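Treat the numbers as computed from the prediction; the structure is a model and nothing was measured. Starting from 1, each residue takes its place in the sequence as its number. Indexing begins at 1, ligand by ligand and atom by atom, following the structure's order.
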Amino acid sequence: MCGIVGYLGPLNPKDVIVGGLKKLEYRGYDSAGVAILHDGRTKRVRAEGKLKFLEEKLAHESFNGHLGIGHTRWATHGGPSERNAHPHQVRGISLVHNGIIENYAEIRRELLARGADISSDTDTELVAHLLAEEVDRTGHLLKAVQNILDRLQGAFSIVAMWEKEPDTMVAFKDGPPLVVGLGDQQTFVVSDVQACLQYTKKFIYLEDREIVEVKGAQVQVYSSRGVPITKKVVEIDLSPESVEKQGHPHFMLKEIYEQPRAVAAAMEPHIDTRNFAVRLKNVGFNEPLPGVDSLDPLKDWENTRKILNGVERVMFIACGTSSYAAMVGKYLIETIARIPVETDIASEFRYRHPVIPPNTLVITISQSGETADTLAAIRLAKEKGALTLSICNVRHSSIDREAHGHLYMNSGPEIGVASTKAFTSTLTVLNCLSVALGRLKNAINAAEEKEFVQALLSAPSQLEVVLSYDKYFGEAANRLKLFRGFLYMGRGVSFPIAMEGALKLKELAYLHAEGYAAGEMKHGPLALIDENMAIVMIIPADQLFEKTLSNLEEARARGGKVICLSTGEHEHLRKVSEYYLPLPKAHWTVNPILSVIPLQLLSYHMACNLGYDVDQPRNLAKSVTVE
Ligand code: AGP
């Protein structure tokens, strides 16, 4: 995943573009570059490594043009280097690209046969060559783009400029997001609205195979066949401040501490606090997406009830942390609503020739709404005639736009590559959905609904309690880094939390950790346990406490060192644990929201102790928009 910023307007393009790339650096950070008009030519500056290295180079550069493009890269074709950094330039054409051109080998062969001088290992440069050939033929950037679009296969968002049209930027996409920011006499084309929120809140969302031409202050969108299209302008209500660190050393820590508010924001639209009932708001099944926000909530709820009443099974599809949230969703829906639930990781679902029975609701979970495998999965589910529902954090994202129905995490921008508040917000939304389904299916009565809702309403304050123990998690992290391996274990809804806790340690501290169902110990993992193995046992006071306690004793009997998360003060557990991390007493449906916090903080502190880059862990990106 990469970050793209294009700008045409009266401000200094260098400042606008670099400022925008800073907001997008979470999307990729192995190299960066800009191409900006200066004295009628396009001056390009690129640097390997993080954006700060490009800024150091740009400190000595000035530009007198008003058109420019910039890029921060997450390498796919061609390793991280200056020569592979974007923008790529061929004979006056400059362009930046997010995604993968899958037929790049065939295009490369053809270009070489035509004598093209190819200077990088990237697929992107090949597009610049194709475009240069077409502008030579047509003398028109927009026509040239229309002529090459059908040549390209794969996932791509591209912004291009041509020296001979100094007032024109052309952009097009098929897959990764590309958004047009409409300012006052100035226009932005960016990967994510955050890149230009300080200048405008009005946006046009490009759909796949659409082309936008920005000429002076005019913006026109076309179909791939060149037919002008009228697009809806969407007003975004995110404040620029919401994407800053607000005093925290890292975005991840800020987002961990935002979770009480994020969880409250996730449930707020759906909870009737007068009646302690769930009324899912503006799901908008089969409504056009931009209209979802302006639906009549009562009419929409009636429509949603009718549609959910026909649901006989649920199929979750997601990746990574979102797939662990889906696993929690399985326990919630099957226990509360008594509807069968399957969970699948998107990269498997899309290739396993899935069978989707009639009356199945396919639910995708994706913080970014742009994960390529999850996007492909929802498209496949729709092809097979399934009703689809998206739970995501980015409105108007590709997955959000594909789905029939929409639920939102509402957690605000999540910048840290390691997902935290989006996960707990998702668990909150899944709680609301499970209770709504349970009532619709008469699996729970009004009194039980009230119990679930009251439990959920107490979650934000219980999260504040868990966060207040942060210093303990910091101490525990200091001890944990001495261990060779880590086994995270839990039962029931704590099993997916064990999986998520292990993933956090892997992606932040680069240490090997495994999440396991605690009941599986005897079927193999017990052989791993000795004094070098840290066992992180998630054992809240729920109906599986005793079972999990015996698994903990099994581990201890073999010399395993146990770090224990449990409810309240438990004398025995505190005595037998290397570290005991207390959790507030909570309803079993809320325990997963609480027990993941210590695991997030443990991994955060360990990564900091090891001196790693918490917000931008090596080899990763915030949203994997390519396969
Ligand atoms: C989580 O910490 C990771 N960054 C990763 O597993 C992530 O959850 C996964 O790539 C899915 O992303 P999505 O929710 O945006 O689809």
K.L.:
State the atoms of ligand 1, each with its element, that fall below the 4.0 Å cut-off from a heavy-atom position in K504.
P.N.:
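Answer for ligand 1: 1 (C), 2 (O).
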K.L.:
About how many Å separate NE2 of H248 and NZ of K254, when rounded to the nearest 0.5 Å?
P.N.:
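Those atoms lie 7.5 Å apart.
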K.L.:
Among all the protein's non-hydrogen atoms, which is closest to atom 10 (O) of ligand 1, and how far away is it?
P.N.:
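The protein heavy atom lying closest is V624 CG2, 4.3 Å.
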K.L.:
Regarding K173 and D208, does a basic nitrogen lie under 4.0 Å from an acidic carboxylate oxygen?
P.N.:
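Counted as a salt bridge, because a side-chain N and a carboxylate O are separated by less than 4.0 Å.
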K.L.:
In plain terms, say whether D30 and K50 are close enough for a salt bridge, that is, a side-chain N and a carboxylate O under 4.0 Å apart.
P.N.:
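No salt bridge links D30 with K50.
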K.L.:
Atoms of ligand 1 less than 4.0 Å from T371 heavy atoms?
P.N.:
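Ligand 1 atoms under the 4.0 Å threshold to T371: 12 (O), 13 (P), 15 (O), 16 (O).
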K.L.:
Classify the contact between S623 and ligand 1 as side chain, backbone, both or neither, using a heavy-atom distance cut-off of under 4.0 Å.
P.N.:
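For S623, no heavy atom sits under 4.0 Å from ligand 1.
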K.L.:
With under 30° as parallel and over 60° as perpendicular, where do the rings of H250 and Y604 fit, or are they tilted in between?
P.N.:
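Answer is perpendicular, since the angle exceeds 60°.
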K.L.:
By number and element, which atoms of ligand 1 are closer than 4.0 Å to a non-hydrogen atom of A418?
P.N.:
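Counting from 1, the qualifying ligand atoms are 2 (O).
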K.L.:
Can you tell me which residue and heavy atom of the protein come closest to atom 15 (O) of ligand 1, and the distance to 0.1 Å?
P.N.:
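Atom 15 (O) of ligand 1 sits closest to the protein heavy atom S368 OG, 2.7 Å.
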K.L.:
So if I count the atoms of ligand 1 from 1 in the order they appear, which ones are less than 4.0 Å from some heavy atom of S419?
P.N.:
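Listed by number with element: 1 (C), 2 (O).
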K.L.:
Determine, for R395 against D400, whether the closest basic-nitrogen to carboxylate-oxygen distance falls under 4.0 angstrom.
P.N.:
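D400 and R395: not salt-bridged.
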K.L.:
Is the closest basic N to carboxylate O distance between K622 and E414 below 4.0 Å?
P.N.:
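Yes, this pair counts.
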K.L.:
Heavy atoms only: which of T420, L620, V417 lies closest to atom 4 (N) of ligand 1?
P.N.:
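Minimum heavy-atom distance to atom 4 (N) of ligand 1 goes to V417.
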K.L.:
Less than 4.0 Å between a side-chain N and a carboxylate O, is that true for K281 and E268?
P.N.:
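Salt bridge between E268 and K281, a charged N being under 4.0 Å from a carboxylate O: no.
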K.L.:
Among protein heavy atoms, which lies nearest atom 11 (C) of ligand 1, and at what distance?
P.N.:
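Here the nearest protein heavy atom works out to C319 O, 3.5 Å.
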K.L.:
Is any N or O atom of E507, backbone or side chain, closer than 3.5 Å to an N or O atom of ligand 1?
P.N.:
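It does: an N or O of E507 is found under 3.5 Å from an N or O of ligand 1.
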K.L.:
Enumerate the atoms of ligand 1 whose separation from the nearest heavy atom of T321 is less than 4.0 angstrom.
P.N.:
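Selected atoms, number and element: 1 (C), 2 (O), 6 (O), 8 (O).
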K.L.:
Between the side chains of K421 and E258, is the shortest nitrogen-to-carboxylate-oxygen separation below 4.0 Å, so that they form an ion pair?
P.N.:
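Salt bridge flag = yes for K421 with E258.
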